[in-house]
Amino acid sequence: MSDQPAILLTNPIHPDARALLSPHARLVLAPDTAPDTLKRLAAQAEGIIVRAMLPPDIFENAPRLRGVVRHGVGLDMIPVEAATARRIPVANVPGSNTTAVVEYALSAILTLRRRVARMDDLMRREGWAVARPLADDTQEIEGSTCGIIGLGAIGSQLARKAQALGLRVLGVTPHPDTLPEGVEAASLEDLLARADIVVLCCPLTEATRGMIDARAIARMRPGALLINVARGPIVDAQALGDALRAGCLGGAALDVHAVQPLALDHPLRDCPNLLLTPHVAGITATSMRNMSMGAAEQMLAILRGERPRHLVNPAIHG
Ligand SMILES: NC(=O)C1=CN([C@@H]2O[C@H](COP(=O)(O)OP(=O)(O)OC[C@H]3O[C@@H](n4cnc5c(N)ncnc54)[C@H](O)[C@@H]3O)[C@@H](O)[C@H]2O)C=CC1
Ligand SMILES: O=C(O)C(=O)COP(=O)(O)O
């Protein structure tokens with residue numbers, strides 16, 4: 001075994017970031033992301049680059065750990081308070097995948113509104129004449145109202161691009177004093193009742209867990225779309241499935257799921273008007289490199305004993 005510090009990668013990272021880290025560290029790719037596997041490997045690691053849910057007690061037996069870096073943005077995958085209590089620095093890479101997520105959200109909205117996926121499927125299975133009439137009652141997005149919940153990096157870029165496409169934008173935010181230009185502040189109830197398209201762009205917190213439950217879905221306009229690019233547990237997936245099957249909503253796109261990977265026999269798999277993707281809204285060739293390089297650079301700073309650029313728990317220095 002080499003003297004180099006071991007960096008645990010919960011999942012693969014971009015080859016350029018591997019090349020940046022390799023002269024300074026031994027990279028250990030987890031064979032799977034089961035809690036016991038991650039805990040066993042964390043016991044030897046000096047750093048962890050995180051792309052999977054870390055178990056809440058992972059730091060209890062991680063005596064060599066000098067820092068944890070999120071590959072991307074969402075910190076719900078790291079027990080940050082437990083890290084802070086042990087003075088372990090935690091960093092993330094804000095902005096690294098913003099454009100990727102925004103473009104995914106726009107593509108999901110357009111795909112659902114124009115029924116592209118449904119027509120593609122029908123045209124292959126049943127042919128031209130069966131698929132073509134579906135277009136007759138599809139809707140353009142220009143002139144519709146888009147409700148965005150969470151106006152951080154993703155939500156505010158989406159607001160700007162949605163406005164450029166002719167959408168009116170409502171926003172739910174804890175900071176109504178710093179709304180992006182042209183966005184009208186709304187309460188959650190008001191937004192759900194007025195938006196034709198609802199997009200979730202907020203983090204998973206105790207306040208947002210279960211926020212889009214059966215009651216919230218019932219408030220949405222008939223035919224409205226729900227796009228979840230945030231985190232699975234924000235939406236009650238069963239209530240959403242029921243609303244789609246009953247034809248109350250026009251459609252939904254779920255990139256993120258309460259339990260990942262989504263089980264092969266999950267009832268949502270045969271739900272109508274639903275786009276399902278495997279947590280990839282934030283991944284493109286460009287953003288993948290951004291996330292990996294941003295994580296690798298900060299991990300190197302930690303190994304050098306420096307403060308990482310995007311430290312999220314500055315209390316460790318207090
Ligand atoms: N599907 C995917 O691949 C990806 C998903 N995400 C998710 O999207 C989330 C947002 O990402 P960014 O915009 O980059 O983060 P950000 O930190 O820039 O923005 C989050 C915004 O949500 C707001 N917020 C917090 N609690 C809220 C609440 N209860 N109601 C409304 N707004 C609230 C915050 O004030 C902040 O402005 C991440 O936390 C992550 O969970 C992020 C990147 C990729
Ligand atoms: O940035 C985030 O929060 C994401 O969900 C995307 O990051 P990942 O692909 O999980 O490394």
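Just follow the structure's listing: the first ligand is 1, and inside any ligand the first atom is 1. Everything numeric in this text was worked out from a predicted model, so none of it was measured.
If you look at Met291 next to ligand 2, the close heavy atoms, those under 4.0 Å, all belong to the side chain. Contacts with ligand 1 closer than 4.0 Å are made by side-chain heavy atoms of Val256 only, the backbone lying farther away. Heavy atoms of Cys201 found under 4.0 angstrom from ligand 1 belong exclusively to the backbone. Contact annotation for Asn97 and ligand 1: only side-chain heavy atoms (C-beta onward) come within less than 4.0 Å of the ligand. Residue-level proximity to ligand 1 for His175 is carried by the side chain, the only part with a heavy atom below 4.0 angstrom. Contact annotation for Arg231 and ligand 2: only side-chain heavy atoms (C-beta onward) come within less than 4.0 Å of the ligand. At a heavy-atom distance under 4.0 Å, only side-chain atoms of Asn97, from C-beta outward, approach ligand 2.
Between Ile88 and Arg66 the shortest heavy-atom distance is CG2-C, 4.4 Å. Scanning all heavy atoms of the two residues, the minimum distance from Leu170 to Ala186 falls at CB-CB, 4.4 Å. Minimum interatomic distance between Pro272 and Leu244 (heavy atoms only, all atoms of both residues): O-CB, 3.8 Å. Nearest heavy atom pair, residue Pro56 against residue Ala82, reads O-CB, 4.4 Å. Nearest approach of Pro308 to Ala301, heavy atoms of both residues: CA-CB, 4.4 Å. The minimum heavy-atom distance linking Asn273 with Gly250 is given by the pair CB-O, 3.6 Å.
Exactly one of Thr99, Asn97, Thr277 qualifies for a side chain to side chain donor-acceptor pair (under 3.5 Å) with Tyr104. That residue is Thr277. Checked options Asp255, Thr208, Thr205, Asp76; the residue passing with Arg231 is Asp76 (criterion: side chain to side chain donor-acceptor pair (under 3.5 Å)).
The shortest separation from a heavy atom of Gly282 to ligand 2 is not under 4.0 Å, leaving the residue out of contact. At a 4.0 Å cut-off, at least one heavy atom of Val172 sits close enough to ligand 1 to count as contact. Using 4.0 Å as the threshold, Val229 has a heavy atom nearer than that to some atom of ligand 1.
If you number the atoms of ligand 1 from 1 as listed, the ones under 4.0 Å from a heavy atom of His279 come out as 1 (N), 2 (C), 3 (O). Against a heavy-atom cut-off of under 4.0 Å, Ala230 is close to the following atoms of ligand 1: 5 (C), 7 (C), 41 (O). Short contacts between ligand 2 and Gly74, defined as distances under 4.0 Å to a heavy atom of the residue, involve ligand atoms 1 (O), 2 (C), 3 (O). Taking a cut-off of under 4.0 Å to the non-hydrogen atoms of Leu151, the atoms of ligand 1 that pass are 37 (O). Close approach of ligand 1 to Thr208 (heavy-atom distance below 4.0 Å) involves ligand atoms 28 (C), 29 (N). Close approach of ligand 1 to Ala153 is summarised as follows: ligand atoms under 4.0 Å from at least one heavy atom of the residue are 13 (O), 14 (O), 16 (P), 18 (O), 19 (O). The Gly72 neighbourhood of ligand 2 comprises atoms 1 (O), with distances under 4.0 Å to a heavy atom of that residue. Close approach of ligand 2 to His71 is summarised as follows: ligand atoms under 4.0 Å from at least one heavy atom of the residue are 7 (O), 8 (P), 11 (O). Remark: ligand 1 atoms within the under-4.0 Å shell around heavy atoms of Val73 are 11 (O), 14 (O), 15 (O). Counting the atoms of ligand 1 from 1 in the order shown, those under 4.0 Å from a heavy atom of Asp255 are 1 (N), 2 (C), 3 (O).
The shortest N or O to N or O distance between Val73 and ligand 2 is below 3.5 Å. Backbone and side-chain nitrogen or oxygen atoms of Gly282 are examined, and one is located within less than 3.5 angstrom of a nitrogen or oxygen of ligand 1. Not one N or O of Ile283 is nearer than 3.5 Å to an N or O of ligand 2, by distance alone. Of the polar atoms of Val101, none of the N or O atoms is found under 3.5 Å from an N or O of ligand 1, judged by distance alone. Taking distance alone, with nitrogen or oxygen atoms compared against 3.5 Å, Leu204 stays at or beyond that limit from ligand 1.
No donor-acceptor pair closer than 3.5 Å links the side chain of Asp213 to the backbone N or O of Asp236. Using a distance-only test at 3.5 Å, with no hydrogens or angles considered, no donor-acceptor pair links the side chain of Arg51 to the main chain of Asn11. When atom types are taken as modelled, the side chain of His266 and the backbone of Leu268 share a donor-acceptor pair closer than 3.5 angstrom.
Hydrophobic clustering of Ile, Leu, Val, Met, Phe, Trp and Tyr side chains at less than 4.5 Å, counting indirect connections, unites Leu65 with Val80. No path of Ile, Leu, Val, Met, Phe, Trp and Tyr side chains, each step under 4.5 Å between heavy atoms, connects Leu106 with Ile149, placing them in separate hydrophobic clusters. One hydrophobic cluster, built from ILVMFWY side chains closer than 4.5 Å, holds both Ile154 and Leu275.
Scanning the protein for heavy atoms near atom 9 (C) of ligand 1, the closest one is Cys202 O, 3.8 Å. For atom 9 (O) of ligand 2, the closest non-hydrogen atom on the protein side is Arg51 NH2, 3.0 Å. Of all protein heavy atoms, the one lying nearest to atom 42 (C) of ligand 1 is Ile154 CD1, 3.6 Å. In this structure, the protein non-hydrogen atom closest to atom 22 (O) of ligand 1 is Pro203 CD, 3.2 Å. When only non-hydrogen protein atoms are considered, atom 19 (O) of ligand 1 lies nearest to Gly152 CA, 3.2 Å. Closest to atom 5 (O) of ligand 2, if we only count protein heavy atoms, is His279 NE2, 2.6 Å. Regarding atom 27 (C) of ligand 1, its nearest protein heavy-atom neighbour is Pro174 CG, 3.8 Å.
Under the 4.0 Å distance rule, the nearest protein heavy atom to atom 17 (O) of ligand 1 falls outside the cut-off. At a distance under 4.0 Å, no protein heavy atom can be found next to atom 34 (C) of ligand 1.
Taking CE of Met291 as the reference point, atom CZ of Arg70 lies at 8.0 Å (rounded to 0.5 Å). The CZ atom of Arg289 sits 12.0 Å away from atom OG1 of Thr284, with the distance rounded to the nearest 0.5 Å.
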| field | side-chain hydrogen bond (donor to acceptor under 3.5 Å, both in side chains) assessment of Ser144 paired with Arg113 | value | CA-CA 11 Å; Ser144 292; Arg113 269 294 180 92; 3.1 Å; yes
| task | Might you work through the salt bridge (Lys or Arg N to Asp or Glu O under 4.0 Å) test for Arg115 and Asp120, ending with a clear yes or no? | result | CA-CA 9 Å; Arg115 306 185 77 180; Asp120 172 80; over 6 Å; no
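Between Arg245 and Asp270, at least one side-chain nitrogen of the basic residue sits less than 4.0 Å from a carboxylate oxygen of the acidic one, meeting the salt-bridge criterion. Ion pair Asp190/Arg194 flagged as a salt bridge, since at least one NZ, NE, NH1 or NH2 atom sits closer than 4.0 Å to an Asp/Glu carboxylate oxygen.
Counting heavy atoms only, Arg70 comes closest to atom 4 (C) of ligand 2 of the residues Gln260, Arg70, Met288.
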